[in-house]
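No experiment lies behind these values; they were computed from the predicted model shown. We count residues from 1, following the sequence as given.
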Amino acid sequence: MSIRSAVIGYGYWGRNVAKALRNSTEFALHTIYDESLAAQAKAQEDYEIALYPSYEAILADSSIQAVFIITPPQTHFALAESALKQGKHTFVEKPLTTQYTQAQALYALAKKQNKILYCDHIFLHSPAVQYLKKQIKSFGEIVYINARRINLGLFQSNVDVIWDLAIHDLSIIDYLVGLHIKEVSTFKTRYLDYPNDALANINLRLESGIIITLSVSWLSPIKVREMIIGGSKKTAIYDETKRDKITLFDTGVVIKDTFDTHSLYQKMVEYKLGEQLTPTLPNTMALDNSIAYFASLVLGDNLRQSQCDEEHILRVIKAIEMIQDSHTQS
């Protein structure tokens, strides 16, 4: 039997989630609720759904097993808390919350209620990142990761550019190599009189010695979604905007100085001319994969992984708080 579900929030991303649920074999889209009358009217135009007068009325319906919270970040804690208290499995778009202590409280409540709390760090479910996860050990010692996530406009009124964009790269990095931060420095700035920071450059040193540089911006005239992972044996370029999202270079970073002049020259030439590989990736959508994964948790097929998910989400939120604090203290 399909898991009867409700979507809360029918903006841009809420519409994508509703569409994915309609196509899902595990979930049944029962209702959509948005406080905006225009958004609610659009939902009723797009789907045949049950109508409820309020969010509270949806939570009071015991036949609804799962809620998908696709609303502004500042609303996530209260909405998720209410859903869990009413015994609903709860899917929350990123970020789970914008406070580490709130996230901890939600996970504690989920355990108390014996319900699944899941935050959608969507790129972890993309075929490209899944491929990198499987291949990362073949890269040798990871020396650095450089990421740019920039675009023009799309200013968010409720969070800054770090919570909006950097969270994606931080979640990918934690998934691939572990986000255990030793040092952090952050430079960020607002644009004109806009209240939230619109540009940030973030530098991290992990306990493993890996150097991380992140650049995020709402001010770029072009859209860039690029991550470079440099290892001692292989280097990968992951570009979410391209059809071929991953390019692998079979020569890594020169990190030893034991070569003579001739062999070092050869190594440099090899680095420049090393073979490239563009892997063929599955043609699946990250959102569909994420929703299917949530279903596996709800159905009890993946309980051990649920604890790993919690640890991952908390590390990412903690990292963002460290990044924010490093700017405040500088």
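Grouping the Ile, Leu, Val, Met, Phe, Trp and Tyr side chains by contacts below 4.5 angstrom, directly or via other members, places M322 with V316. In the hydrophobic clustering of this structure, I70 groups with L297; members are Ile, Leu, Val, Met, Phe, Trp, Tyr whose side-chain heavy atoms approach within less than 4.5 Å, directly or through other members. Note on Y100 and I181: same hydrophobic cluster, where clusters join Ile, Leu, Val, Met, Phe, Trp and Tyr whose side-chain heavy atoms are under 4.5 Å apart, directly or indirectly. Each of L132 and M285 belongs to its own hydrophobic cluster when Ile, Leu, Val, Met, Phe, Trp and Tyr are linked at side-chain heavy-atom distances under 4.5 angstrom.
The CD1 atom of I162 sits 8.0 Å away from the CD1 atom of I320 when rounded to the nearest 0.5 Å. Here the CD1-OH distance, from I229 to Y144, works out to 9.5 Å after rounding to the nearest 0.5 Å. If you take CZ on F249 and CD on Q276, they are separated by 4.0 Å, rounding to the nearest 0.5 Å. Separating the CG atom in D288 from the CG atom in N23 is a distance of 7.0 Å, to the nearest 0.5 Å.
Remark: T90 pairs with no residue by the side chain to side chain donor-acceptor pair (under 3.5 Å) rule, at least two apart or across chains. With sequence neighbours left out, Y238 forms a ring-ring contact (aromatic ring centres under 6.0 Å, His included) with no residue at all. For S62, there are no side chain to side chain donor-acceptor pair (under 3.5 Å) partners two or more places apart in sequence or in a different chain. Taking A105 as the reference, F77 meet the side-chain contact (heavy atoms from CB on, under 4.5 Å) condition, with sequence neighbours excluded. Qualifying side chain to side chain donor-acceptor pair (under 3.5 Å) partners for E26, counting only residues two or more places apart in sequence or in other chains: S24. With sequence neighbours excluded, no residue forms a salt bridge (Lys or Arg N to Asp or Glu O under 4.0 Å) with K115. Evaluation of the side chain to side chain donor-acceptor pair (under 3.5 Å) rule for S215 yields N201 as partners, not counting sequence neighbours. Remark: F27 pairs with F68, F294 by the ring-ring contact (aromatic ring centres under 6.0 Å, His included) rule, at least two apart or across chains.
Within the structure, salt bridge (Lys or Arg N to Asp or Glu O under 4.0 Å) pairs that include any residue of residues 206-219 do not occur (at least two apart or interchain). Sorted by first and then second residue, the side chain to side chain donor-acceptor pair (under 3.5 Å) pairs involving residues 5-20 (not counting sequence neighbours) are Y10-D46.
Side chains of V92 and L106 form no contact here, defined as non-hydrogen atoms less than 4.5 Å apart. Considering only heavy atoms from C-beta on, P73 stays 4.5 Å or farther from W163 through its side chain. At a threshold of 4.5 Å between non-hydrogen side-chain atoms, the residues N203 and E183 do not count as touching.
In this structure, K182 places its NZ atom where only 12 or fewer heavy-atom neighbours from other residues, nucleotides or ligands lie under 6.0 Å away. Residue E35 places its CD atom among 12 or fewer non-hydrogen atoms of other residues, nucleotides or ligands, all under 6.0 Å distant.
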Which side-chain N or O atoms in residues 167-175 pair as donor and acceptor under 3.5 Å with protein atoms at least two apart or in another chain?
from, atom 1, to, atom 2, distance (Å)
D169, OD1, R149, NE, 3.3
D169, OD1, R149, NH2, 3.0
D169, OD2, R149, NE, 3.1
S171, OG, I167, O, 3.3
S171, OG, H168, O, 2.7
D174, OD1, L179, N, 2.8
D174, OD1, R315, NE, 2.6
D174, OD2, H312, ND1, 2.6
D174, OD2, R315, NE, 3.4
D174, OD2, R315, NH2, 3.0
Y175, OH, Q130, NE2, 3.0

Chi angles and distances behind the side chain to side chain donor-acceptor pair (under 3.5 Å) call for K188, Q324: CA-CA 9 Å; K188 58 181 182 175; Q324 302 282 24; 2.2 Å; yes
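No side-chain donor-acceptor contact under 3.5 Å links H125 to the backbone of L287. Judged by distance alone, with hydrogens and angles left aside, the side-chain atoms of Q113 form a donor-acceptor pair with the main-chain N or O of L84 at under 3.5 Å. The main-chain N or O of L248 is never found under 3.5 Å from a side-chain atom of K234 such that the two would form a donor-acceptor pair.
Taking each heavy atom of V67 and I64 in turn, the nearest pair found is CG1-CG2, 4.5 Å. A66 and I3 make their closest contact through CB-CG2, 4.1 Å (heavy atoms, listed as atom of the first residue, atom of the second, distance). Annotation for G11 and D34: closest pair N-OD2, 4.1 Å, computed over non-hydrogen atoms.
At a cut-off of 3.5 Å, with distance as the only test, a side-chain donor of D120 or S290 sits close to an acceptor on the other residue.
Grouped with V224 in one hydrophobic cluster are I150, I222, the linkage being side-chain heavy-atom contacts under 4.5 Å among Ile, Leu, Val, Met, Phe, Trp and Tyr residues.
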